[in-house]
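Encoded as C-alpha cells, the structure appears first; notes follow it.
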Number of protein chains: 2
Amino acid sequence: MKTDERMIAFGKRIRDVRRSKGISQEVLAEMADIDRSYMGNIERGEKNVTLKKAYDICDALDIDIKDLV
Amino acid sequence: MKTDERMIAFGKRIRDVRRSKGISQEVLAEMADIDRSYMGNIERGEKNVTLKKAYDICDALDIDIKDLV
DNA sequence: ATGTGACTTACAGTCCGTG
DNA sequence: TCACGGACTGTAAGTCACA
C-alpha cells in the first residue's frame, strides 16, 4: 500500500468512527482542539498530520491509535 | 499517557527494533530516506514526525505501524 | 454541516560539521 | 556510531471568509 493511500485510509477511518458516534466534524474538531476546516482536510486525507495531532484526534474519539493507523 | 511520553515511547520502540535488526541509525536513516541527525531526534522522542515519515520508517524496519504507535 | 482557497506562523525535515 | 549544534527550506498548523 502506498503512503498516500494510507493517508486517505487514515482519514476515512476517522470519518467512520466520528459518524458512528453521531457527531459532526465541527464538534469533533472542537473536542480535539483543531480548526473545523483543518479537520475536514484530515478526513479527506489531504493533510499529512503529525503524530501528536493523530494522538489528539484519537483521544477526542476515545479510541486507540492502533485502530486508526 | 501524555503526548510527549508517547513520542518518547514511539522513539524507543524504533530504537529497539532497529537494534534487534543489528543496523545503525545511519543505515536505517538511509533506508527510510531520512536525514541521519533527524533519525536521532526521532529515536530520542524530540521530534514530532508526520504520519508519512512514520510509515516510511515502518517500511524500512519491515514492521506494521501498529507495533510502533 | 462541510468544502475550498488564501494566507501567516510554527516547526518538520535537510544539510553540514563537531566531539 | 551517535548526540548535538547552526542555518537553512518546505510544509504542517492554525485562522478566516465564502459558497
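By convention in this document, chain letters (A, B, ...) are assigned in the order of the sequence lines, proteins followed by strands, and residues within each chain are numbered from 1.
- In this structure, the CG atom of A:Leu51 is 14 Å from the P atom of D:dA12, given to the nearest Å.
- For B:Arg18, a side-chain nitrogen or oxygen approaches OP1 or OP2 of D:dC2 to under 4.0 Å.
- Counting non-hydrogen atoms under 4.0 angstrom, B:Asn48 reaches the backbone sugars and phosphates but no base.
- The listed nucleotides are D:dA12, C:dG3, D:dC4; the one nearest the side chain of A:Arg15 is C:dG3.
- Between B:Glu46 atom CD and C:dC11 atom P there is a gap of 15 Å when expressed in whole angstrom units.
- Rounded to whole angstrom, the span from the CD atom of B:Glu26 across to the P atom of C:dC16 amounts to 13 Å.
- Side chains of A:Asp33 and A:Asp56 form no contact here, defined as non-hydrogen atoms less than 4.5 Å apart.
- Between the base of C:dG13 and the side chain of B:Arg36 there is no donor-acceptor pair shorter than 3.5 Å.
- Summarising the local packing, CG of B:Asp35 is surrounded by more than 12 heavy atoms from other residues, nucleotides or ligands at distances under 6.0 Å.
- Within the 4.0 Å cut-off from OP1 or OP2 of C:dG13, at least one side-chain nitrogen or oxygen of B:Thr50 is found.
- A sub-4.0 Å separation between OP1 or OP2 of D:dA3 and a side-chain N or O of B:Arg44 is present.
- Residue A:Lys53 has a polar side-chain atom (N or O) positioned under 4.0 Å from OP1 or OP2 of D:dG14.
- Residue pairs that meet the salt bridge (charged side-chain N to carboxylate O under 4.0 Å, His left out) test with at least one member in residues 57-69 of chain A, sequence neighbours left out, are A:Asp59-B:Arg6.
- Closest approach to the B:Ser37 side chain among D:dC2, C:dC15, C:dA1 is made by C:dC15 (side chain taken as heavy atoms from C-beta onward).
- Between B:Glu43 and the options B:Arg19, B:Lys12, B:Arg15, a salt bridge (charged side-chain N to carboxylate O under 4.0 Å, His left out) holds for only B:Arg15.
- Here the CD1 atom belonging to B:Ile34 is positioned 13.5 Å from the CD atom belonging to B:Glu26, to the nearest 0.5 angstrom.
- What separates CD of A:Glu43 from C1' of C:dA1 is a distance of 11 Å, to the nearest Å.
- With a cut-off of 3.5 Å on both pairing distances, the Watson-Crick and G-U wobble pairs of DNA chain D assemble into stems of 3 or more at C:2-19 with D:2-19.
- Residue B:Ile34 contributes atom CD1, which lies 17 Å from atom P of C:dC16 at whole-angstrom precision.
- Rounding to the nearest 0.5 Å gives a distance of 10.5 Å between NZ of A:Lys52 and NZ of B:Lys47.
- Between the CG atom of B:Leu68 and the CD1 atom of B:Ile57 there is a distance of 7.5 Å, given to the nearest 0.5 Å.
- Here the P atom of nucleotide C:dA10 and the NZ atom of B:Lys47 are 15 Å apart, to the nearest Å.
- B:Asp33 comes within 4.0 angstrom of sugar-phosphate atoms only, judged by non-hydrogen atoms across all strands, and of no base.
- In this structure, A:Asp56 atom CG and D:dA12 atom P are separated by 17 Å, rounded to whole Å.
- Regarding B:Ile14, its CD1 atom lies at a distance of 14 Å from the P atom of D:dC2, rounded to whole Å.
- Position along DNA chain D of the nearest nucleotide to B:Ile23 versus B:Asp35 favours B:Ile23 as the more 5'-ward residue.
- When distances are taken from the side chain of A:Ser24 to each of C:dT14, D:dC2, C:dA1, the shortest belongs to C:dA1.
- A:Ile8 and A:Met39 are members of different hydrophobic clusters when ILVMFWY side chains are connected at heavy-atom separations under 4.5 Å.
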